[in-house]
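Single-structure report; data block below.
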Amino acid sequence: MKKILFCFLFGMCAIKGFAKVSPEEIVEMFEQNPEMFNVLAQMSYHYGAGKNQGVDSEEEILKKSLQNIELDSIPSIPLTETENTSKVENSVIAFVSPYCPHCRSLIKNLIQLEKEKFFGNHTDVRIVYAPTNSASHCAIKALMAAHKIKKNDGLEKTLGIIDTRFNPVEALDWPKLFAQHHPEISEKSFSEIMNCPEVEHHSKKCAQYISKLNMESFPVIALCKKSSKKHKKELKDIILGNPSHIGLLSQALRVKLSIK
C-alpha cells in the first residue's frame, strides 16, 4: 500500500512537472517506477467514471468489442517475423489510420523496437489499417504493396511519403512516388501489386472490421496473451493513443505484457 501511495504521489508531482522535463527524463522515471503506469491508468479511469457514472468509457466499450472478435482473423500487416510460432506468447495489434501523424509515429517506433530485437520470439506485432475515405483506402493499398515488396523498409519509406506529401482527401500517384524512392521497382510493378485482388480484399475487410468495432479515433493498441485454449489469444489490455516517446512505449509494453 505504501508503495502504491508513493507512486500515486510521485505520479501527481510528475504530471505537474512534465512540461519542464525532457522526454528522456520521463522515460527514466517510468523505468524506475513501472507501477506508475497502472496507478495512473487507474486514476484516469476512476476520474472518468466519476464524471460519467453508469456510462462505459471509450476504453471499456472497445475492450468489450475486441473481446468478442477472433483477433487473429483480422487482416493485418506483420511487423515481426517469428520462426517458431509456438514460442509466441503475446500479440500487439495496432489499429491505425494512414493520415494520422500519431499513428505513423507509432508504426515507426514499433519498427524501431523490432530492429532492436525488443520483441524477440515471444511477441508478434501487427498493424491493422483503417480506411476512412477514398484517399486513405488508396494509401492503405500502397502501404500493403510497399510491405509486400520491401517489408518494413518499404513501409517506412511509404510512411515518409505521407509525412512529406500530406493530403488526406486527394489520392496520390503512389506507383510514381514509390518508384522515386525505389528506382529498381517500376511504376507498373507497384501498381499491379497495389491493385491486385488480394490487396483490395484485404483493405475492404479491414474497413468491415473497423466498422464492426465502431472505432472512431486512432491509434488503438490491443495487447493479447496466449490463453489456456490451444492456438487462442485473449485480450489482456488496450492502450488508447500513442505514447509519444519510444521509451514510454517500450515501458508500457513491458509492464502490460510482463516482458522482461
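Quick note: numbers below take in every heavy atom, side chains included, and nothing from hydrogens, waters or symmetry partners.
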>> Side chains of Ile107 and Tyr129, heavy atoms from C-beta outward: is any pair under 4.5 Å?
In response: yes
>> Taking Glu200's backbone N and O only, do any of them form a donor-acceptor pair with Ser203's side chain (distance below 3.5 Å, no angle check)?
In response: no
> Counting only heavy atoms not in Glu184, do more than 12 fall under 6.0 Å of its CD?
Replying inline: yes
>> Is there a side chain to side chain donor-acceptor pair (under 3.5 Å) between Tyr209 and Ser73? Walk through the geometry before answering.
In response: CA-CA 10 Å; Tyr209 273 102; Ser73 66; 3.0 Å; yes
>> Are the side chains of Arg126 and Ile77 in contact, using a 4.5 Å heavy-atom criterion?
In response: no
> Should we say atom NE2 of His122 is surrounded by more than 12 heavy atoms from elsewhere, each under 6.0 Å from it?
Replying inline: yes
> Under 4.5 Å between any side-chain heavy atoms of Pro78 and His147, yes or no?
Replying inline: yes
> Should we say atom CD of Glu192 is surrounded by more than 12 heavy atoms from elsewhere, each under 6.0 Å from it?
Replying inline: yes
> Between the side chain of Asp237 and the main-chain N/O of Leu223, is any donor-acceptor distance below 3.5 Å?
Replying inline: no
> Can you find a heavy atom in the side chain of Val220 that is under 4.5 Å from one in the side chain of Met215?
Replying inline: yes
>> If you count heavy atoms of other groups shown closer than 6.0 angstrom to NZ of Lys225, is the number above 12?
In response: yes
> Between Ile238, Ile221, Leu66, Leu62, which is the residue that forms a side chain to side chain contact (heavy atoms under 4.5 Å, CB included) with Phe95?
Replying inline: Leu66
> Looking only at heavy atoms, which two atoms of Cys224 and Leu257 are closest? And how far apart?
Replying inline: O-CD2, 3.9 Å
